[in-house]
Amino acid sequence: LGSGDGRTVITAAKRGARAHGIEYNADMVELARQAAEAEGVAGKASFARADLFKSDFSKATVITMFLLPSINVKLRPQILALTPGTRVVSNSFTMGEWTADETVTLTENCSSWCTAHLWIVPARVEGRWKLPQGELVLKQQFQMVSGTLRTGGKAVRLESGRVRGEEIVFSAGGVEYKGRVNGKRIDGDNWRAVRS
């Protein structure tokens with residue numbers, strides 16, 4: 001998104017990926033197409049002059065962005081609606097209060113735009129879940145999860161709750177719970193929950 005002269009798209013295509021760039025500036029789109037042709041990856045690297053907010057990138061498994069923070073924040077709802085596990089990398093700029101899962105900064109041989117932020121689109125888990133032994137109530141803010149686990153009439157607050165793609169992990173009452181979100185189910189090693 002914001003593919004500019006196409007260098008990221010072309011690099012991905014050279015590494016075997018099918019890559020598509022979306023750019024609003026028509027001159028940059030043409031420059032990128034010419035560069036892809038010159039690099040011999042025109043069959044794997046495509047470019048479109050389009051409005052990011054009207055574009056469908058729902059089939060992407062990896063998204064790269066070099067956009068201003070205000071645009072990143074406006075795109076956030078579209079990005080959060082993507083398939084859980086979709087990786088999103090932004091060159092230098094953040095997405096507001098949605099903190100990155102990882103941030104890396106090059107310190108050698110880099111003079112500008114040296115920081116990359118990675119987000120993994122989290123599964124949507126907020127709500128009530130039934131367990132054989134009780135109820136799990138989850139609140140979610142991006143990849144962070146809080147809430148309560150109620151078993152035997154006693155409610156315990158969740159700690160260290162996090163969703164990374166389809167994986168969920170949290171602690172409750174000194175026990176760590178790990179599971180995989182699968183639509184209306186969460187399947188763990190020795191526990192299971194169904195959305196109620």
>> Is the shortest side-chain heavy-atom distance between Leu158 and Leu136 below 4.5 Å?
In response: yes

>> Check Arg76 with Glu97, please: is the shortest side-chain N to carboxylate O separation under 4.0 Å?
In response: yes

>> Check this for me, if you would: do Asp187 and Arg192 make a salt bridge, where the nitrogen-to-carboxylate-oxygen distance has to be below 4.0 angstrom?
In response: yes

> Closest heavy-atom contact between Ala36 and Ala45?
Replying inline: CB-CB, 4.2 Å

> At what distance, to the nearest 0.5 angstrom, does CG of Leu68 lie from OG of Ser92?
Replying inline: 10.5 Å

> Parallel, tilted or perpendicular: which describes the rings of Phe93 and Phe66, with under 30° parallel and over 60° perpendicular?
Replying inline: parallel

> Charged N to carboxylate O below 4.0 Å: is that the case for Lys178 and Glu167?
Replying inline: no

> What are the two closest heavy atoms between Gly173 and Val156, and how far apart are they?
Replying inline: N-CG1, 3.2 Å

>> Using side chain to side chain contact (heavy atoms under 4.5 Å, CB included), reason through Thr103 and Thr115 one step at a time and then give a plain yes or no.
In response: CA-CA 7 Å; Thr103 297; Thr115 299; 3.6 Å; yes

> When you check the side-chain N and O atoms of Asp101 and Gln143, is any donor under 3.5 Å from an acceptor?
Replying inline: yes

>> Starting from Ile10, can I reach Val89 by hopping between I/L/V/M/F/W/Y residues whose side chains sit under 4.5 Å apart?
In response: no

>> Between His117 and Ser90, is there a side-chain donor-acceptor contact under 3.5 Å, judged purely by atom types and distance?
In response: no

> Does CZ belonging to Arg157 count more than 12 external heavy atoms closer than 6.0 Å?
Replying inline: no

> Looking only at heavy atoms, which two atoms of Ala42 and Glu37 are closest? And how far apart?
Replying inline: CB-OE1, 3.4 Å

> Do you know which two heavy atoms are closest between Leu52 and Gly2, and how far apart they sit?
Replying inline: CD2-N, 4.0 Å

> Do the side chain of Arg128 and the main chain of Arg195 share a donor and acceptor less than 3.5 angstrom apart?
Replying inline: no

> Is there a path from Leu131 to Phe170 through hydrophobic residues (I, L, V, M, F, W, Y) whose side chains come within less than 4.5 Å of each other?
Replying inline: yes

>> Run the ring pair (Phe, Tyr, Trp, His ring centres under 6.0 Å) test on Trp129 and Tyr177 for me, step by step, so that the C-alpha distance in whole Å, both residues' side-chain angles and the decisive distance to 0.1 Å come before the verdict.
In response: CA-CA 14 Å; Trp129 299 80; Tyr177 292 81; over 10 Å; no

>> Using a strict threshold of under 4.0 Å (side-chain N to carboxylate O), is an ion pair present between Glu126 and Lys139?
In response: no

> Is any side-chain heavy atom of Ile79 less than 4.5 Å from a side-chain heavy atom of Met65?
Replying inline: yes

>> Whether the side chain of Asn25 engages the backbone of Met28 through a donor-acceptor N/O pair (distance < 3.5 Å, no angle test) should be reported.
In response: yes

>> Can you classify the ring geometry of Trp98 versus Trp119 as parallel (below 30°), tilted (30 to 60°) or perpendicular (above 60°)?
In response: tilted

> Side chains of Phe57 and Gln78: does their closest heavy-atom pair fall under 4.5 Å?
Replying inline: yes

> Hey, what do you get for NZ (Lys14) to OG1 (Thr11), rounding to the nearest 0.5 Å?
Replying inline: 6.0 Å

>> Tell me whether the count of non-hydrogen atoms from other residues, nucleotides or ligands lying under 6.0 Å of CD in Gln34 goes above 12.
In response: yes

>> Check this for me: does any side-chain nitrogen of one of Glu23 and Arg49 sit under 4.0 Å from a carboxylate oxygen of the other?
In response: no

>> Return the CD1 to NZ distance between Ile22 and Lys54, rounded to the nearest 0.5 Å.
In response: 13.5 Å

>> With rounding to the nearest 0.5 angstrom, report the CG to OG1 distance, Leu138 to Thr148.
In response: 8.5 Å

> When rounded to the nearest 0.5 angstrom, what is the spacing between CD in Glu108 and SG in Cys114?
Replying inline: 11.5 Å

> Are Leu67 and Met95 co-members of a hydrophobic cluster defined by side-chain heavy atoms under 4.5 Å apart?
Replying inline: yes

> Any side-chain heavy-atom pair from Lys74 and Phe53 closer than 4.5 angstrom?
Replying inline: yes

>> Can you confirm whether Leu118 sits close enough to Ile120 that some side-chain heavy atom of one is under 4.5 Å from a side-chain heavy atom of the other?
In response: yes

> Going through the distances and angles, do Thr8 and Thr64 end up as a side-chain hydrogen bond (donor to acceptor under 3.5 Å, both in side chains)?
Replying inline: CA-CA 8 Å; Thr8 303; Thr64 63; 5.0 Å; no

> So which heavy atom on Gly16 is nearest to which on Lys44, and how close?
Replying inline: O-NZ, 3.0 Å

> Do Val125 and Val145 have side chains that get closer than 4.5 Å, going by heavy atoms?
Replying inline: yes

> Are there more than 12 heavy atoms of other residues, nucleotides or ligands under 6.0 Å from atom CG of Asp189?
Replying inline: no

> Between Ser46 and Val9, what is the shortest heavy-atom contact and its length?
Replying inline: O-CG1, 4.2 Å

> Among side-chain atoms of Thr61 and Thr86, is any donor-acceptor pair under 3.5 angstrom?
Replying inline: no

> Are Leu75 and Leu80 co-members of a hydrophobic cluster defined by side-chain heavy atoms under 4.5 Å apart?
Replying inline: yes

>> Test your reading of the model: is there a side-chain donor-acceptor pair from Arg124 to the backbone of Pro84, 3.5 Å cut-off?
In response: no

>> Counting C-beta onward and ignoring hydrogens, is there a side-chain heavy-atom pair between Ile63 and Leu1 closer than 4.5 Å?
In response: yes

> If you round to the nearest 0.5 Å, how far is CZ of Arg33 from CG of Asp5?
Replying inline: 14.0 Å

>> Would a single hydrophobic cluster contain both Trp191 and Val163, if residues Ile, Leu, Val, Met, Phe, Trp and Tyr are joined by side-chain heavy-atom contacts under 4.5 Å?
In response: yes

> Does a sphere of radius 6.0 Å around CZ in Arg7 hold more than 12 heavy atoms from other residues, nucleotides or ligands, not counting ones at 6.0 Å or beyond?
Replying inline: no

>> Measuring only between side-chain heavy atoms, which start at C-beta, is Ile186 closer than 4.5 Å to Ile168?
In response: yes

